[in-house]
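Each ligand, and each atom within it, is numbered from 1 in the order the structure gives. The first residue of the sequence shown is numbered 1, and numbering continues consecutively from there.
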Amino acid sequence: PLLTSLDQYPLFYEFSSSPAVTFTSAVTTAVCLKENYDIEVARLAHNVGPLFGDVEILPPASAAGVVACIDLAPVSSRWGSARDLFAAAFLPTELHASSTALALATTGVGGTTRKFSPFGTVDAASNPGSLSVGAGVPLSSFVLPDATVSPSPAVVVRSMNGTPIPNVPVTFAVGDGGSVNGGSSQTVQTNANGIATATGWVPGTGVGSYVLTATPPAGAQVGSVEPYQPAVAFAPSSLTFTSTVVGPIEYGAAGYRYLILPEGAPPEGFEDAAFDDSSWLTGTAAFGFNDPSNSCALIVSDTRTAWPANTQILVRRRFTIPGGGSTGVVRVAIDNDIRVFVNGIDITSSAGAVLVGGFAQHDGCPTANSLTFTATGLDPGVNLLVIQARDRGGSSFLDASVKAP
Ligand SMILES: [Ca+2]
């Protein structure tokens, strides 16, 4: 196939001269197709360079002297029969060509060229192609420090009409930090299924979010005559994978996703790992609001993110247990009520307090470690802490830590 993002008709023929020659003036070339393809968009094209996108769409032949598509069979039925046999043996379908008539018939495509090389028939109007995420590969992930993201980021490159395109060089480049295949970028050719897979993306050491961007070629297509010169294009022009390096949760930790609910019930499944919190805000603990009339020292000194009084707040954050044990102790400072979930499991009752509507309650100024919860069966890798907290007026406050017992 040609190295192009354009759709290519299934019948592909290679014409070449040996030795290769460049004509001193343009000659007319035509391919007549047996099926009724749309002549308005079908054009002859050939590669004029070794890189993906080095494709020339042939300028259309002038009205006079172009090739006509006629069936050779009537000329000689005997030759026609033999030709059909050859075609059935060696070609996907019959190839008709002639240089004797005045106009290109409606079942052919043609143009002028100065050089013979492998020609194909393309849909000149089929840009842009598509760039999508590989099946089963998440766009966002969580990893331990210095760990490799799994499954590896992969993208699929297809033509506008959905045909996977092989041999497309896709460049995977890391953003600020991390490495892919041991360096800052890696270029991978798409396979026969149009899939390019990066190898060994290590986002980084420090806790935080890192990106890897996959970009196929754009704008390299060559040619001489508009409008038969579409640029190579894929939409979107690139895809960005995000991976978050996860560490322990200490008081005052950054990197929480949070949602403030002035009223109403929390969204369904907010405590689950699979819940999509990407539309939530990002904040640093502690969350709170200081009411000057009952000012509390912890609220004044430790509040980093505003949480209005008399509202509910949901916070989510991945964490690791230092040492990788299977038990974690969640300590909180809270004003007023709290429910705690680890890996989707409600552990609120583990605090030993009387629960009201499923919440453990706390009145008066918040203090560190005022409530302690225990989570068991932790993953030695990445776990998820989710807190649902509500305030009953005055000041509000929420902070948490998770440690081994
Ligand atoms: Ca309060």
(Q) Show, in sequence, the C-alpha distance, side-chain angles and deciding distance for N294 and S395, and conclude whether the side-chain hydrogen bond (donor to acceptor under 3.5 Å, both in side chains) test is met. (A) CA-CA 7 Å; N294 64 352; S395 297; 3.1 Å; yes

Q. Going through the distances and angles, do F275 and W280 end up as a ring pair (Phe, Tyr, Trp, His ring centres under 6.0 Å)?
A. CA-CA 11 Å; F275 182 83; W280 294 13; 5.5 Å; yes

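Under 3.0 Å from the Ca ion (ligand 1) lies no N/O/S atom of S396, from backbone or side chain alike. The Ca ion (ligand 1) has no N, O or S atom of A309 closer than 3.0 Å. Coordination check, D391 versus the Ca ion (ligand 1): passed, since an N/O/S atom of the residue sits under 3.0 Å. Look at N310 and the Ca ion (ligand 1): no N/O/S atom of the residue is under 3.0 Å from the metal. In summary, D335 places an N/O/S atom under 3.0 Å from the Ca ion (ligand 1), meeting the contact criterion.
The angle subtended at the Ca ion (ligand 1) by OD1 of N336 and O of G393 is 120°, given to the nearest 10°.
Under the 6.0 Å distance and 45° angle rule, R390 counts as a cation-pi partner of F359.
Screening D363, D335, D291 for a salt bridge (charged side-chain N to carboxylate O under 4.0 Å, His left out) involving R392 leaves a single residue, D363.
Contact check for N193 versus V156: no side-chain heavy atoms found under the 4.5 Å cut-off.
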